[in-house]
Amino acid sequence: MGLKWIDSQDIALELLEHYPDIEPETLRFTDLCEWVIKLAAFDDDPNHCNERVLEAIQARWIDEK
């Protein structure tokens, strides 16, 4: 099964692996959304994304750094 928007921890780990030099707190949500959608393991409706979902992903990514 692929990653869904609710899998914020797993998405954050994938983003950390793909973008190790990025400081997630400086990333715009539009870019974050685009990067999540481009992950090979991502398998959800891109239209189901919202600010709350992106905040959760960003927070998890910051925690993993």
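Sequence positions, counted from 1, serve as the residue numbers for this chain.
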> Could you give the distance from CG (L3) to CG (D10), rounded to the nearest 0.5 Å?
Replying inline: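 The CG atom of L3 sits 6.0 Å away from the CG atom of D10.
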> Are any of the side-chain heavy atoms of I6 and D44 separated by less than 4.5 Å?
Replying inline: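 No; the side chains remain at least 4.5 Å from each other.
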> Going by side-chain heavy atoms closer than 4.5 Å, which hydrophobic residues are tied to L13, directly or by a chain of links?
Replying inline: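 Result for L13 is none, singleton.
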>> My understanding is that only residues two or more places apart in sequence, or in another chain, count here; which of them pass side-chain contact (heavy atoms from CB on, under 4.5 Å) with C33?
In response: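 Residues passing side-chain contact (heavy atoms from CB on, under 4.5 Å) with C33: W5, I37, C49, L54.
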> Residues two or more places apart in sequence or in another chain: which of them pass side-chain contact (heavy atoms from CB on, under 4.5 Å) with D45?
Replying inline: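 With sequence neighbours excluded, D45 shows a side-chain contact (heavy atoms from CB on, under 4.5 Å) to N47, H48, given in chain and number order.
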> For E25, what residues pass the side-chain contact (heavy atoms from CB on, under 4.5 Å) criterion, not counting sequence neighbours?
Replying inline: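 Partners of E25 by the side-chain contact (heavy atoms from CB on, under 4.5 Å) criterion, ordered by chain and then number, come out as E23, I62.
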>> The criterion is side-chain contact (heavy atoms from CB on, under 4.5 Å); which residues satisfy it with D43, sequence neighbours excluded?
In response: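 Applying side-chain contact (heavy atoms from CB on, under 4.5 Å) to D43 gives K4.
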> How would you list, by chain and number, every residue that makes a side-chain hydrogen bond (donor to acceptor under 3.5 Å, both in side chains) with E64, sequence neighbours excluded?
Replying inline: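 If we apply the side-chain hydrogen bond (donor to acceptor under 3.5 Å, both in side chains) test to E64, skipping adjacent residues, the hits are Q9.
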> Got a sec, which pairs hit side-chain hydrogen bond (donor to acceptor under 3.5 Å, both in side chains) with one end in residues 27-41, sequence neighbours left out?
Replying inline: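 Those involving residues 27-41 are R28-D31, E34-K38.
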>> Please tell me whether Y19 and F42 are part of a single hydrophobic cluster in this structure, the criterion being side-chain heavy atoms less than 4.5 Å apart.
In response: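 Y19 and F42: one cluster.
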>> Under the side-chain hydrogen bond (donor to acceptor under 3.5 Å, both in side chains) definition, can you give me all pairs with a residue in residues 50-60, not counting sequence neighbours?
In response: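 Not a single pair qualifies under side-chain hydrogen bond (donor to acceptor under 3.5 Å, both in side chains).
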